[in-house]
Amino acid sequence: MAVIAPTVTAFSNKEYTQQLRRIADFPDIIHIDVMDGLFAPSTSPALRDIWLPHRPAVDIHVMYQHPGDYLGDFIRLKPRLV
């Protein structure tokens with residue numbers, strides 16, 4: 001069965017919160033893009049400012065030059081998948 005997972009690709013804390021609130025009630029899974037501005041040319045909010053909703057499940061797509069340096073930060077968020 002196919003599952004539609006909307007993506008949050010935000011470039012500011014305000015935009016991140018607005019996008020999550022807009023979609024959080026209907027999907028089973030949300031896909032969140034995080035970018036460091038080095039590996040990917042854009043930058044998302046800092047990991048310390050990222051929060052995940054309790055529902056639905058969240059997958060994080062990491063576009064960082066050195067993602068292993070931030071492993072503890074990703075684990076702290078408790079996503080379903082990184």
Side-chain angles (χ1 to χ4, degrees):
M1 176 172 80
V3 175
I4 296 174
T7 300
V8 172
T9 304
F11 305 105
S12 71
N13 295 346
K14 180 180 179 181
E15 188 178 30
Y16 178 79
T17 299
Q18 288 174 337
Q19 288 182 25
L20 264 182
R21 287 185 176 153
R22 190 174 311 135
I23 64 171
D25 290 335
F26 70 87
D28 293 326
I29 300 170
I30 293 175
H31 178 95
I32 296 176
D33 290 334
V34 293
M35 303 151 288
D36 66 0
L38 301 170
F39 181 80
S42 299
T43 304
S44 58
L47 287 178
R48 69 179 174 275
D49 297 326
I50 298 282
W51 54 273
L52 305 184
H54 296 289
R55 188 199 133 324
V58 176
D59 292 348
I60 297 178
H61 179 213
V62 180
M63 294 178 275
Y64 275 40
Q65 189 167 9
H66 301 285
D69 294 347
Y70 302 91
L71 189 56
D73 295 318
F74 296 126
I75 291 170
R76 174 188 57 82
L77 292 171
K78 300 180 181 172
R80 181 185 76 115
L81 178 77
V82 176

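Predicted model, so just to flag it, every value in this text is computed and none were measured.
Put simply, F26 and V3 are part of two different groups of oily side chains (I, L, V, M, F, W, Y) that touch within less than 4.5 Å, one to the next. The hydrophobic cluster containing V62 also contains V8, counting ILVMFWY residues as joined when their side-chain heavy atoms lie under 4.5 angstrom apart, directly or transitively.
Scanning all heavy atoms of the two residues, the minimum distance from F74 to P67 falls at CE1-O, 3.8 Å. Between P45 and F11, the shortest heavy-atom distance links the atoms CD-C, 4.4 Å.
The environment of CG in L81 is crowded: more than 12 heavy-atom neighbours from other residues, nucleotides or ligands sit within 6.0 Å.
Among residue pairs with one or both ends in residues 57-67, those qualifying as salt bridge (charged side-chain N to carboxylate O under 4.0 Å, His left out) are D59-R80; sequence neighbours excluded. Residue pairs satisfying the salt bridge (charged side-chain N to carboxylate O under 4.0 Å, His left out) criterion with at least one member in residues 9-24, sequence neighbours excluded, are absent.
Note that CD1 of I23 and OG1 of T7 are 8.0 Å apart. Values are rounded to the nearest 0.5 Å.
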If you look only at distance, which donor and acceptor atoms sit under 3.5 Å apart when one is on a side chain in residues 27-42 and the other is two or more places apart or in another chain?
unit_1	atom_1	unit_2	atom_2	d
H31	NE2	D33	OD1	3.0
D33	OD1	H61	ND1	3.0
D33	OD2	T9	OG1	2.7
D36	OD1	L38	N	2.7
D36	OD1	F39	N	2.8
D36	OD2	Q65	N	2.6

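At least one donor-acceptor pair closer than 3.5 Å links the side chain of Y16 to the backbone N or O of W51.
Apart from I75 itself, the hydrophobic cluster it occupies contains L71, where clustering links Ile, Leu, Val, Met, Phe, Trp and Tyr at side-chain heavy-atom distances under 4.5 Å.
Residues forming a salt bridge (Lys or Arg N to Asp or Glu O under 4.0 Å) with R55 (at least two apart in sequence, or on another chain): none. Taking the ring pair (Phe, Tyr, Trp, His ring centres under 6.0 Å) definition, one finds that Y70 meets it with Y64, sequence neighbours left out.
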